[in-house]
Each structure stands twice: as C-alpha cells, then as structure tokens.
Visitor: 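Pasting a structure here, questions to come.
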Number of protein chains: 2
Amino acid sequence: MDGKETLDKARERIIETIAQNIHLYGLTPSAGRQYGTMFFHNEPLTLDDMTEELGMSKTSMSTSVRALSDLKLVERAWKRGIRKDLYQVKDDWYQSFIDLFSIKWRRSISLHSVAIRKSLTELQVLRNDPGVSDELKETVEIDIAKLEYIRDYYEWLDRLVDAFEDHDIFDLVPRKDELTK
Amino acid sequence: MDGKETLDKARERIIETIAQNIHLYGLTPSAGRQYGTMFFHNEPLTLDDMTEELGMSKTSMSTSVRALSDLKLVERAWKRGIRKDLYQVKDDWYQSFIDLFSIKWRRSISLHSVAIRKSLTELQVLRNDPGVSDELKETVEIDIAKLEYIRDYYEWLDRLVDAFEDHDIFDLVPRKDELTK
DNA sequence: AACTTTGTACAGTTTTTTCCGTACAAACAA
DNA sequence: TTGTTTGTACGGAAAAAACTGTACAAAGTT
C-alpha cells in the first residue's frame with residue numbers, strides 16, 4: 001500500500017465516523033460525509049467540487065450545505081477570481097458545539113415556554129372558578145404543580161444555554177490548552 | 001366550555017409541544033405524544049392503556065415505550081395485583097436531560113476516539129516513512145494536526161459529559177430551588 | 001442587449017422509516 | 001398438563017424523507 005492510499009484510508013475512517021454520528025446534529029449521513037470531505041480538504045470547495053467528490057447531485061449538495069450552514073458547521077468563503085460560492089468548515093469545533101446546542105435548544109425552550117405559560121394561565125383561571133367540581137380541582141392542582149415544575153426546568157435550561165453561549169462553561173470544563181495556563 | 005374540556009385542552013397543548021420537540025431526543029412525535037400522555041396520567045400505564053389513549057397498535061406502543069426507556073425518560077413501575085407491565089415517566093427532568101446528554105454523546109465520543117487514535121497512528125507511521133514524498137508528507141502533517149485538534153476536542157467533550165453526570169453543572173448553573181439557598 | 005454561469009425551487013422517484021396485524025414465546029392460571 | 005394472558009419478533013403496508021433531474025431566476029460576461 002502506498003502513502004496516498006494510507007492517507008486516504010485514514011481520512012475515510014474519520015469521515016465515516018462523522019457520518020455515523022452526525023444524526024446528533026439532526027443531519028443525514030450524507031451531510032456528514034460532505035462535512036468530513038470539506039474538513040480534510042484544505043481549500044474551500046464549490047458545490048461542483050462536492051458533486052465531484054461525493055458523486056451526488058448538485059441539488060443535494062446545495063440543500064445539505066445549507067443545512068450545514070444553518071447549524072453553523074460550515075461557512076462561506078471568498079476567493080478572488082472565483083464566481084462560484086465557496087464553502088469551508090468552521091474550524092472552531094468548540095464553538096460549533098455551542099452553536100448547535102444553542103440553536104437546537106433555544107427553539108425548543110421558547111416553544112415550551114409559550115405553551116406552558118398559556119396552559120398555566122388557563123388552569124389558574126380554572127382553579128378559581130366556583131363552577132368547577134372539587135374532584136376536578138384536585139386534578140387541576142396537580143397539573144399546575146407539574147407545569148410549574150417544567151417551567152422551572154426550562155428556565156434552568158435557558159440559563160444553561162446562556163452558560164454555553166457566554167463561554168462560562170469553559171470555567172467549569174476548561175479546554176485542554178487552558179489547563180496548563 | 002366546561003372545566004374538563006379546558007383541562008384537556010391545556011394538557012393537549014403541552015403534549016403537542018413535547019411531540020414537536022422530542023426529535024431532539026431522536027424520537028418520533030408519536031413517542032413524544034406517548035410520553036406526554038404518561039406525564040399527565042397520574043397513575044402508571046399499561047401498554048393496553050396506551051393503545052386505548054393514543055389509538056395506536058400495541059406493537060407500536062411496545063416499541064416506542066422501549067425507546068423511551070432506553071433514554072431513561074420512562075421507567076417500569078410495579079403495583080401489586082397487576083400482571084401487566086406498568087410504565088411511568090421519570091419525574092426528574094434535570095436528570096433525564098443529563099441521561100440523554102450522556103447516552104447520546106458518550107457513544108459518539110467513544111466511536112470518534114477509536115477512529116482518531118487509529119488514523120493518527122497510521123499517519124504517524126507515514127510521517128516517519130522514508131519512502132514517502134515530501135509533498136505528501138506535508139499533507140500528512142496537516143492531517144495529523146487536525147486529528148490532534150479533534151482528539152483534544154473529544155477529550156473536552158468527555159470531560160463535559162463527566163461534569164453533567166457528576167452534577168457539577170449545577171454549580172455553574174444552579175437549579176432554581178438552589179438559587180435561594 | 002444577448003449569452004453564460006450558478007444556485008435552488010419543484011415534482012417525481014427511490015429509499016428509509018413508521019406503523020400495523022399476525023404469529024408466537026414466555027409467564028402465569030387452573 | 002392444558003388454557004389464557006401478555007409482550008415482542010417479524011413481514012408487509014403506509015407514510016415520510018432523501019435524492020435526482022428539469023426548469024428557471026438571479027447574477028455575471030461580452
């Protein structure tokens with residue numbers, strides 16, 4: 001086996017591992033392979049380059065590179081004289097993790113908060129309604145307690161995301177290069 | 001609108017929100033609805049109960065309750081005199097979040113670590129191989145640097161998961177009830 | 001202006017996933 | 001033992017998602 005071949009195999013192993021785990025980012029293995037290919041490519045790539053490299057349609061490349069961009073795993077690059085759009089992976093994986101975490105959870109937190117607030121208000125009205133049977137009121141009380149619990153939970157989650165975005169998390173779990181500082 | 005109806009609507013809103021966000025846990029909306037139903041049900045449920053509540057087949061209930069159990073969102077319960085398996089939601093959402101985080105990422109970290117170690121070793125051999133051209137060696141050097149970077153990243157991620165599992169995260173981001181302590 | 005290049009919207013096809021019904025094994029009951 | 005109940009494996013149907021090719025709009029070139 002010659003050197004180039006060994007290198008390619010070493011790269012392929014990593015790319016395939018990324019592809020198999022990218023579902024954690026809500027992406028398909030194809031998008032993972034695309035990301036991996038870009039990761040080892042030392043120059044920004046065009047959609048046509050990706051089509052070439054991965055043997056897939058340009059349409060697919062376009063949609064999945066958009067998905068990768070939405071999660072801030074990939075960014076556009078410019079190079080003078082080149083008209084085509086160029087893309088490259090963002091090289092700060094710590095920041096990418098934080099961005100992922102933020103994008104994924106903030107939306108969920110927000111949707112839940114709205115729903116919880118609405119339902120909680122309705123139930124509080126119900127609690128004070130004299131026309132409601134005692135038996136039902138008991139259930140309402142239990143539900144209110146449950147909703148207050150998950151409201152607090154999402155409030156905690158929100159602060160957790162803050163801690164990541166503000167990089168406070170690195171105080172608790174330092175990056176390796178910061179350990180020796 | 002009577003009280004029962006208001007209660008059900010308030011519950012339904014939350015259940016539907018859970019269903020729409022459960023993909024963050026890698027589960028289907030159906031499993032989310034199942035979880036939500038169990039959440040508001042104040043007694044443990046059997047598979048037949050769920051079939052009844054959700055209008056889905058018992059087979060589906062069985063498979064998705066297993067998925068929920070695997071992520072430790074749901075646990076088995078016992079009640080004397082009842083032969084059927086009973087399930088209820090785990091009521092500590094903070095712990096559920098930690099469990100999810102741990103289960104999802106540990107596996108990914110482990111798979112990546114193995115692949116990175118293997119590829120890194122191969123490339124280090126290549127670096128010392130006198131039969132490899134200087135041009136290729138330059139590429140190898142770059143790849144080694146990249147792999148060392150992501151190796152460190154996964155090592156950080158591993159410590160991050162530790163911080164969650166050990167509950168150190170609550171030092172950085174306290175639960176609401178701990179804020180007043 | 002006309003012509004070329006590039007990215008993506010859209011519709012159709014293929015692949016994958018979800019869900020159901022049947023069948024059966026394990027546990028329990030009589 | 002035989003009969004009953006309960007959970008799940010498995011194959012197939014239905015639904016959803018991924019992927020492709022065509023068509024076209026936007027931007028650049030001549």
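Naming convention: chains lettered A, B, ... in sequence-line order (proteins, then strands); numbering from 1 in each chain. Just the heavy atoms: all of them, side chains too, but no hydrogens, waters or symmetry mates, feed the values below.
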Visitor: Which of the following nucleotides, C:dC20, D:dC19, C:dA9, is nearest to the side chain of A:Arg66?
Guide: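 For the A:Arg66 side chain, the nearest candidate turns out to be C:dA9.
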
Visitor: Write down the distance between CG (A:Leu45) and P (C:dT6), rounded to a whole number of angstrom.
Guide: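 After rounding, the reported distance stands at 15 Å.
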
Visitor: Mind checking the OH-CG spacing from B:Tyr153 to B:Leu160? Nearest 0.5 Å is all I need.
Guide: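 Between atom OH of B:Tyr153 and atom CG of B:Leu160 there are 9.0 Å.
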
Visitor: Report the relative orientation of the aromatic rings in B:Phe170 and B:Tyr94; use parallel for angles under 30°, tilted for 30 to 60°, perpendicular for over 60°.
Guide: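 Rings of B:Phe170 and B:Tyr94: perpendicular, as their planes differ by over 60°.
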
Visitor: Can you check the B:Leu47 CG to D:dT5 P distance for me, whole Å?
Guide: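 That distance rounds to 16 Å.
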
Visitor: Any idea which heavy atoms bring A:Gly26 and A:Lys104 closest together, and the distance?
Guide: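 A:Gly26 and A:Lys104 have their closest heavy atoms at CA-NZ, 3.9 Å.
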
Visitor: Determine: side-chain N/O of B:Lys84 to OP1/OP2 of D:dT5, distance under 4.0 Å, yes or no.
Guide: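 B:Lys84 to D:dT5 OP1/OP2: no side-chain N or O under 4.0 Å.
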
Visitor: Closest heavy-atom contact between B:Gln88 and B:Met38?
Guide: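 Heavy atoms only, the tightest pair is N-CE, 3.6 Å.
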
Visitor: Could you check whether the rings of A:Tyr25 and B:Trp105 sit parallel, tilted or perpendicular, using 30° and 60° as the cut-offs?
Guide: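 Aromatic pair A:Tyr25/B:Trp105 classed perpendicular.
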
Visitor: Please report the distance, rounded to the nearest Å, between CG in A:Asp48 and C1' in C:dT6.
Guide: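 It is 8 Å, rounded to the nearest whole Å.
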
Visitor: Check the phosphate of C:dG21 against B:Ser57, side-chain N and O only, distance under 4.0 Å to OP1 or OP2. Yes or no?
Guide: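 Checking B:Ser57 against C:dG21: no side-chain N or O falls below 4.0 Å of OP1 or OP2.
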
Visitor: Between atom CE in B:Met61 and atom P in C:dC20, what is the gap in whole Å?
Guide: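 B:Met61 atom CE is separated from C:dC20 atom P by 7 Å.
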
Visitor: Can you measure B:Leu27 atom CG to C:dC19 atom C1' for me and round it to whole angstrom units?
Guide: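 It works out to 16 Å between those atoms.
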
Visitor: Closest approach to the side chain of B:Thr59, judged atom by atom: which nucleotide of C:dT8, C:dT22, D:dT6 is it?
Guide: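 Of the candidates, C:dT22 comes closest.
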
Visitor: Specify the separation, in whole Å, of atom CE of A:Met50 and atom P of C:dT8.
Guide: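 Distance check: A:Met50 CE to C:dT8 P gives 11 Å.
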
Visitor: Distance check needed: D:dA26 P versus A:Asp85 CG, whole Å only.
Guide: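 Nearest whole value for this atom pair: 16 Å.
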
Visitor: Would you say a side-chain N or O of A:Ser60 is under 4.0 Å from OP1 or OP2 of D:dC19?
Guide: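 It does not, given that no N or O in the side chain of A:Ser60 lies less than 4.0 Å from OP1 or OP2 of D:dC19.
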
Visitor: Within less than 4.0 Å of OP1 or OP2 of D:dC19, is there a side-chain N or O belonging to A:Ser30?
Guide: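 It does, given that an N or O in the side chain of A:Ser30 lies less than 4.0 Å from OP1 or OP2 of D:dC19.
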
Visitor: Within this structure, what is the CZ-to-P distance between B:Arg83 and C:dA27, rounded to whole angstrom?
Guide: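 Computing the B:Arg83:CZ to C:dA27:P distance gives 12 Å.
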
Visitor: Within the pair B:Lys58 and D:dG7, is there a side-chain N or O less than 4.0 Å away from OP1 or OP2?
Guide: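 For D:dG7, OP1/OP2 do have a side-chain N/O of B:Lys58 under 4.0 Å.
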
